[in-house]
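Each remark here refers to the structure printed beneath this line.
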Amino acid sequence: MFPKLLIANRGEIAVRIIRACRELNIRTVAVYSEADRAALHVRLAEEAYLLGPTPATESYLRIDKILAVAKQSGAPAIHPGYGFLSENAEFAAACTQAGVTFIGPPSMAIRALGSKTAGRDLARSVDVPVVPGGRADTDEEAERSAQTVGFPLFVKAVAGGGGKGMRLVERPADLPAALRTARAEAQKAFGNGSVYFEKRLLAPRHVEVQILADTHGTVLALGERDCSVQRRHQKVLEEAPAPHLDPALRARLHEAALRLARAAGYVNAGTMEFLLDQEGGYYFLEANTRLQVEHPVTELVTGLDLVQLQLRIAAGEQLTLAPGEYAPRGAALECRIYAEDPFKNFIPGPGKIIGLREPGGPGVRIDSGVYEGWTVPTAYDSLIAKVSTWGRDRSQALHRMRRALREYHIQGIPTTIPFHAQILEEPAFLAGGVDTTYLDRRFPDRPHAWSEAERAVAVVAAAVHASRRRPEPPVGPSGPAISPWVLAARQAAIRRG
Amino acid sequence: MFPKLLIANRGEIAVRIIRACRELNIRTVAVYSEADRAALHVRLAEEAYLLGPTPATESYLRIDKILAVAKQSGAPAIHPGYGFLSENAEFAAACTQAGVTFIGPPSMAIRALGSKTAGRDLARSVDVPVVPGGRADTDEEAERSAQTVGFPLFVKAVAGGGGKGMRLVERPADLPAALRTARAEAQKAFGNGSVYFEKRLLAPRHVEVQILADTHGTVLALGERDCSVQRRHQKVLEEAPAPHLDPALRARLHEAALRLARAAGYVNAGTMEFLLDQEGGYYFLEANTRLQVEHPVTELVTGLDLVQLQLRIAAGEQLTLAPGEYAPRGAALECRIYAEDPFKNFIPGPGKIIGLREPGGPGVRIDSGVYEGWTVPTAYDSLIAKVSTWGRDRSQALHRMRRALREYHIQGIPTTIPFHAQILEEPAFLAGGVDTTYLDRRFPDRPHAWSEAERAVAVVAAAVHASRRRPEPPVGPSGPAISPWVLAARQAAIRRG
Amino acid sequence: MAYLVTSGGRTYRVDIHTDEAGVHVHLDDAAYPIDVLSVGPALYSILLDGRSYEVDCVPVEDAWIVLVDGQPFRVALQDETALPQPHTMTVTPKAAGGTVIAPMAGKIVKVHVAVGEEVAAGAPVCTLEAMKMENELTAGSAGTVEAVQVSVGDTVRAGQVLVELGDGSERPPAAPSAD
Amino acid sequence: MAYLVTSGGRTYRVDIHTDEAGVHVHLDDAAYPIDVLSVGPALYSILLDGRSYEVDCVPVEDAWIVLVDGQPFRVALQDETALPQPHTMTVTPKAAGGTVIAPMAGKIVKVHVAVGEEVAAGAPVCTLEAMKMENELTAGSAGTVEAVQVSVGDTVRAGQVLVELGDGSERPPAAPSAD
């Protein structure tokens, strides 16, 4: 096993990786930008090195600087986390060239699956269905493809992920503009302006399969996750196993994921994402060649530590798990806590956390990148923590999540906790098996009180609080002028997962 | 299921029970003393009623007041937690008489097992070995028994538990004084001055079996816990399963526990404690007719929620668990965090918690009764929190505990966290299977640094901290005069477990 | 200290008096037997008639979101001393004239308007990048741009004035609904 | 600000200078390139030569327990301004004469000594009940009881004087060892 590991990331995922290393007696090397001297991952690591200024392009995305720290600290391996350089084949190759082990698949596999069109071609080559679509390299090709695919369709970036360079096009008339803006956005985000088309499926479910592959030819499917609870194509809440999934379909999905991984020469942890339509059909969507944000739900039901397994695989160890050793037990949920204001169109709300009370007790897991006194910076992703619960069945996991959300108090900044609490009261979600359009249909607006009984308590509490501490929000005419402008947050995030 | 439950307790166990109820949609009724208005259990419950002044004798031990609250709030059931009234047969009977369900065994079973001598008689009647001993109701009987049992021996309270009324007697000459003080202490603590003798076994292990029995005749043994890591007869750290336990002996212990439970007509959760000698012998020690402090380790390896099962049993539900559904998976540890100063002979250190950072990540569970800003009162037990870890094997659970202890920061009061951290570095403990004398032999003194490398960092940090905030501990001659007296804490606690 | 508090379409009068014994409350002129205890910077433990509540106060732009055991209520406050007719007024955010203010720190990546331009309600004014997201600031009502205080590439603080607008021909829309 | 700090049998001189750029430290008169950041009321994040430490400072009776990544070091501090010969002194707790002080709030359940009585080192002086435990306060050195300030049943505060003692014939034992 590696004596030392560099973690080329920040936030909760860097903390997650540090924890895995500490349990394996691996020394951890954190890297950080100027905004992150006091960040939790810097505090918890055994070593920490400054990369550079706050912008990720000058710190967390600088391959040269990260490899220099690896050399300086003598770290023989690098874990990229998710986001940043995690799916960058060039980075994986540069690590190899520098004699440093990249914790992830070989750069070849990243390339084979990182290009969405290459991934689709690979899927077809092993008889895995893909969402109907077509290439759109030139305007002429785009026009032809659009006619074949039909409207509405998605324009998507070939090099893409996380919604960048993605446009929903309802009518042929809107196509030229959508192509133009999507190409520009893709060029800016990925240095590659190529786009392609995908048919928009009607109300599909998003189900993905966790893959684990070693360097000795063993490839395992560690069960699936349902990530259909999405807000504007961003995952909000995930669960394992996928509820009400037909066992035969589940087996087909696992089998398809294994075929894809084998065809790509995949090694280490990865995820094959699928869409399920209402008629029992399934379609390969894309591969994520790295650890997922939502990996804890798989860990909770299998009892495995995916990060430790990633490290073992990268160190050349052989996977010796029998199927009975990773069969799911019970059910797990994860809520992603974002520093966003669910009462104000989910605009990001960075700022200082003045109070933090985390839930505890049975079946609750917190993966957090923040602490009381920490100021959430504006420069990075707004995902600050994840709360996951496990139960003997889905119902117990749901009830535990409800309880955990009630115990979770993040003071000083708005978070999505009340939004999650509201979802956990939704009959359709509680019944299980909602599709990816559910949340946006059900919550065009912000969360709201679902009972009137305690309004007087709220009224009095606000007055008491205002009497104690004046500034913060405006109290009547003496406060700062209220803007008459409404803010509409356009979520064009580079969030991964 | 009960629509509402009164919790006749405080601290972490009251919080634990509230959590179980919230997950079952049972409304919770907290009771509290004047010292506990701001306590976590009062905050988290749906209802809360003042019992009376701070002393437990005027609040948490007042059967009349508690039953009055049950009536006032319309709670049809009461959970007693551990300690306080949990093993009080009179309370159980009073509940029944008032038409309130007592979450625990029938008062008859509490009486049958609550008297230590009755418990020993019961064990002998079903061929379960007991520690050699004898009655000592009168001075004459005591003298005869002492000769039969031999020295060293323990004087123990018949009605006892938690070390109250217990004396180790090394030589015959010390017996009269020990009898006198033990009887007085037992009289004061339990209203019953009767004592008996038990031979002191040489370096035994303490292993206990978790029992669960319903009202339909099903009695289950949910595996064992090893509680041999004790400091002056107080449990410090527990684990499940017991390491290096011969499978045949394990089966015998489970079988003996089941026989005892059946013979006592036991219902609900309970624990049969055994001592194991070095020769493979086992001896019934005593029964705990309630939920144990250390129940989380059993929950972590079985995936069961013992408090929820207690409630289901009390509501008349039938246990339908197949053996495969509660077979232990992996291993779990629990460290009891006390508000005591391990650097000053473990004297209790109540006070205000000015900062609190709890560990997180995979496999870590926190059961805490405190929060940042809470002042730990002097009136009650010093157990403030429990940290438990689960791992696929004992080694992973141990490594996770080490990591969790490093992430755990309780500021403002001394705690036993550094003591636990030190135990987790001990080769004999890490190897597994230490006996109950191990900790006192190994740690006659306080924890100490196990490496010199970081002493300069400690020196500089202390100076920086002193320069920031003057008062608290004395800095040189300007501080308060230092007492020349050494404090020796005599741990005669009524801690349960 | 007295407040007019609007929530759920109703306005309450809350009087707060604090002494050594704690916080005393009158609600709509009647004593309200509430036991309020601060247990965190913006967190309260409340007992009322045997009920126990855990209450978070989260500031939002023009009001508070008060979470009562996790359940959100939108609550707007007005300090009574500033009111001419405390019992008859309802609370309306000041919406006339106005400026576009940065709701958070970030970088200006686009400015959609120029001085003198007429903008319609809902029209984008500028785009602010923060936390890896582009946030489009749009006009809540029509108006005329009087000043543009920022350029593309500027880093702005939360609360910084970005664009100033003169009164448009239309009045701003009604105050945000409570809930 | 300068301190003499004793730990592990050695005494260090630590100079602390704080400005806008942060905390600057000299250790034994040489600049010490340590980056200290406060991340909690008694919690620090320290970077030194690429190493990262999480450090807790826990007050104990006459010193600090400093936990460096969980590892405890006993550290005694002396403010340099109070020292005549800062570089040659070692830190010794003031142990002459003295009083028995309640180490925590609690109830006196036993008083073992009377005025005029000679007590040996280690002899019990009184018993204090707190947190459901009886804590026996014993003499660290021999002496003569000059005053008993409490009776059985008294409730005492932390720091309250319980018993006063005159100098015994023996000197108190050496200062507690550092570690």
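Proteins get letters first, then strands, A, B, ... in listed order; numbering begins at 1 in each.
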Report task. Return the minimal non-hydrogen interatomic distance between B/Leu40 and B/Ser368, and the atom names on each side. Result -> CD2-O, 3.7 Å
**Report entry** chain A contact via B/Glu12 - side chain, backbone, both or neither, heavy atoms under 4.5 Å
**Finding:** neither
Report task. Taking the side chain as every heavy atom from C-beta outward, state whether B/Ile7 and B/His41 have any pair of such atoms under 4.5 Å apart. Result -> no
Query - Interface moiety of B/Arg402 toward chain A, non-hydrogen atoms closer than 4.5 Å - result: side chain
Query raised in the report: Which heavy-atom pair separates A/Trp390 from A/Arg400 by the least distance, and what is that distance?
Result: O-NH1, 2.9 Å
**Report entry** Contact class of B/Leu24 relative to chain A, heavy atoms under 4.5 angstrom
**Finding:** neither
Query raised in the report: Where does A/Thr389 contact chain B at under 4.5 Å (heavy atoms): side chain, backbone, both or neither?
Result: neither
Query raised in the report: Looking at B/Asp367, B/Leu300, B/Thr302, B/Ile18, which makes the most heavy-atom pairs under 4.5 Å with chain A?
Result: B/Thr302
Requested in this report: Measure the shortest side-chain to side-chain distance between B/Arg43 and A/Arg357 over non-hydrogen atoms and say whether it is less than 4.5 angstrom.
Outcome: yes
Query raised in the report: What are the two closest non-hydrogen atoms of B/Leu333 and B/Leu237, and how far apart are they?
Result: CD2-CD2, 4.2 Å
Requested in this report: Heavy-atom distances under 4.5 Å only: say whether B/Arg19 touches chain A with side chain, backbone, both or neither.
Outcome: both
Query raised in the report: Which bit of A/Leu304 comes within less than 4.5 Å of chain B, counting heavy atoms only: side chain, backbone, both or neither?
Result: both
Requested in this report: Using the ring of A/Phe429 (Phe, Tyr or Trp, six-membered ring only), decide whether A/Arg394 places NZ or CZ under 6.0 Å from its centre and within 45 degrees of its axis.
Outcome: yes
Requested in this report: Heavy-atom pairs under 4.5 Å with chain B are the metric here; pick the option from A/Asn25, A/Leu398, A/Leu356 that has the most.
Outcome: A/Asn25
Query raised in the report: Non-hydrogen atoms of chain A under 4.5 Å away: do they reach the side chain of B/Arg403, the backbone, both or neither?
Result: both
Report summary line: Here the pair of heavy atoms bringing B/Ile417 nearest to B/Leu405 is CG2-O, 3.8 Å
Requested in this report: Identify the heavy atoms of A/Val307 and A/His295 that sit nearest to each other, and give their distance.
Outcome: CG2-NE2, 4.2 Å
Report task. Sort out for me which of A/Met401, A/Glu372, A/Arg329, A/Lys386 touches chain B most, counting heavy-atom pairs under 4.5 Å. Result -> A/Arg329
Report task. Give, as side chain, backbone, both or neither, the part of B/Pro296 having an atom under 4.5 angstrom from any heavy atom of chain A. Result -> neither
